[in-house]
Amino acid sequence: MRSIALLNQKGGVGKTTTTVNLGACLAKLGKKVLIVDVDPQANLSVHFGVDIYNLKYSIYNLIKGECKPSEVILRTYSNGLDIIPSDIDLSGAEIELVGVVGRETVLKEYLEDALVQYDYALFDCPPSLGLLTLNVLTLVREIFIPVQTEFFALRGVSKLLNTFEIVRKRLNNNLQITGIILCMYISRTRLSKEVVGKVKEHFEGRVFNTIIRKNVKLSESPSHGKPIISYAPESYGSEDYMSLAREVIRQEDLKNPCPLEHSSHPYQ
Ligand SMILES: Nc1ncnc2c1ncn2[C@@H]1O[C@H](COP(=O)(O)OP(=O)(O)OP(=O)(O)O)[C@@H](O)[C@H]1O
Ligand SMILES: [Mg+2]
């Protein structure tokens with residue numbers, strides 16, 4: 001069982017798109033997958049066509065201890081792919097949790113046991129390093145960092161890495177950064193190529209070979225409530241995310257992936 005947070009506190013870099021489509025491709029390759037929407041924006045839930053205004057339970061209720069995992073997990077029309085949806089109530093959770101004893105571990109407490117029935121659990125984090133994100137980082141064992149191939153790609157990465165180190169020391173010794181995913185690549189531009197070079201230099205050996213190209217079908221698919229492999233199976237986007245899913249599965253052959261080293265942070 002692999003539990004993975006898709007994390008980057010920078011907004012709009014491809015976290016949700018990657019969670020949806022990586023999840024759907026892993027399921028197509030025969031894995032049992034749970035995707036969890038931990039963002040009050042609920043983009044992931046909408047991307048899956050979930051009617052977020054008429055939900056009985058969302059991740060908010062789970063975090064509050066108001067429902068069981070089995071009551072909040074929804075089956076999707078994709079075989080082997082389940083989802084825990086979010087809704088706007090979750091935006092209040094950060095504040096509501098502040099006074100709770102063990103506030104960083106509530107998600108772990110309520111959800112951990114339910115994860116064993118899956119091969120993969122992917123968590124779509126909000127674009128912040130607040131309490132919701134800390135709850136995810138306390139629960140999962142791995143982090144994938146989607147990075148947009150643009151000028152400010154590595155801005156804020158230093159803060160992200162510091163948060164990772166603190167969580168690893170205090171809350172979750174098992175946590176590792178096991179993959180950097182390059183997203184929204186435009187092959188025509190020199191800038192995209194330069195950014196790929198810089199990211200590979202910074203995260204030596206941790207960057208997936210698959211690069212997710214910019215593809216208009218990927219930006220259209222949320223409004224159709226479908227992952228790319230259902231909406232446009234012949235598109236570049238579909239090809240790229242299937243390739244990423246195969247690479248993620250191949251990681252399992254690495255018996256003992258070494259944790260990411262980052263003694264210096266050249267990018268602030
Ligand atoms: N490879 C791609 N090609 C084209 N459009 C993309 C691609 N990846 C993501 N997008 C689009 O870019 C926008 C931002 O992507 P996404 O929502 O996945 O980012 P995010 O990191 O989850 O954002 P947030 O921080 O707000 O949660 C969306 O409109 C999405 O459809
Ligand atoms: Mg998102």
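Ligands are counted one by one from 1 in listed order, and the atoms in each one are counted from 1 as well.
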Checklist outcome for this item: So the atoms of ligand 1 within less than 4.0 Å of a heavy atom of Ile212 turn out to be 1 (N)

Next on the checklist: Can you confirm whether the side chains of Thr210 and Glu247 place a donor and an acceptor under 3.5 Å from each other?
Outcome noted: yes

Item to check | Proximal atoms of ligand 1 relative to Gly11 (non-hydrogen, under 4.0 Å) | outcome: 25 (O)

Checklist entry - Do any nitrogen or oxygen atoms of Thr18 lie less than 3.5 angstrom from nitrogen or oxygen atoms of ligand 1? => result no

Next on the checklist: Can you classify the ring geometry of Phe144 versus Phe208 as parallel (below 30°), tilted (30 to 60°) or perpendicular (above 60°)?
Outcome noted: perpendicular

Item to check | Is_contact(atom 30 (C) of ligand 1), protein non-hydrogen, under 4.0 Å | outcome: yes

Checklist entry - Would Val216 end up clustered with Tyr231 when hydrophobic side chains under 4.5 Å apart are linked, directly or stepwise? => result no

Checklist entry - So how far is it from Leu26 CG to Met242 CE, rounded to the nearest 0.5 Å? => result 8.5 Å

Item to check | Inter-residue atom distance Ile228.CD1 - Ser238.OG, 0.5 Å rounding | outcome: 6.0 Å

Checklist outcome for this item: Pro227 and Ala24 have their tightest heavy-atom pair at CB-CB, 3.6 Å

Item to check | Residue Pro127 vicinity, atoms of ligand 1 by number, heavy atom under 4.0 Å | outcome: 25 (O)

Checklist entry - To which protein heavy atom is atom 11 (C) of ligand 1 closest, and what is the distance rounded to 0.1 Å? => result Ser219 CB, 4.3 Å

Checklist entry - Going by heavy atoms in the side chains, are Leu160 and Leu7 under 4.5 Å from each other? => result yes

Next on the checklist: Need the ligand 1 atom indices (1-based, order shown) with element for anything under 4.0 Å from a heavy-atom of Gln41.
Outcome noted: 24 (P), 26 (O), 27 (O)

Checklist entry - With atoms numbered from 1 as shown, which atoms in ligand 1 lie under 4.0 angstrom from a non-hydrogen atom of Val13? => result 19 (O), 20 (P), 21 (O)

Item to check | Nitrogen or oxygen of Gly14 less than 3.5 angstrom from that of ligand 1 | outcome: yes

Item to check | Pro127 side chain near Asp39 side chain, heavy-atom distance below 4.5 Å | outcome: yes

Next on the checklist: Give the atom numbers and elements of ligand 1 that come within less than 4.0 Å of a heavy atom of Asn215.
Outcome noted: 2 (C), 3 (N), 4 (C)

Checklist entry - In the protein, which heavy atom is nearest to atom 17 (O) of ligand 1, and how far is it? => result Thr16 CB, 4.0 Å

Checklist entry - Do ligand 1 and Gly12 have nitrogen or oxygen atoms that lie under 3.5 Å from each other? => result yes

Item to check | Spacing of Lys226 atom NZ and Asn21 atom CG [to the nearest 0.5 Å] | outcome: 13.0 Å

Checklist entry - Which of the numbered atoms in ligand 1 are below 4.0 angstrom from a heavy atom of Arg213? => result 1 (N), 2 (C), 3 (N)

Next on the checklist: Just by distance, no angles: are the side chains of Tyr118 and Ser3 close enough, under 3.5 Å, to form a donor-acceptor pair?
Outcome noted: no

Checklist entry - From the Mg ion (ligand 2) out to just under 2.8 Å, does an N/O/S atom of Thr16 turn up? => result yes

Item to check | Asp39 neighbourhood, listing ligand 1 atoms whose heavy-atom distance to it stays under 4.0 Å | outcome: 27 (O)

Checklist outcome for this item: Any heavy atom of Asp124 under 4.0 Å from ligand 1? The part involved is neither

Item to check | Option whose closest heavy atom lies nearest to atom 12 (O) of ligand 1, chosen from Lys15, Met184, Lys10 | outcome: Met184

Next on the checklist: For Tyr185, does the six-membered ring have the charged nitrogen or CZ of Arg213 within the cation-pi criterion, i.e. under 6.0 angstrom from the centroid and within 45° of the normal?
Outcome noted: no

Next on the checklist: Does ligand 1 come near enough to Thr17 that some N or O of the ligand is less than 3.5 Å from an N or O of the residue?
Outcome noted: yes

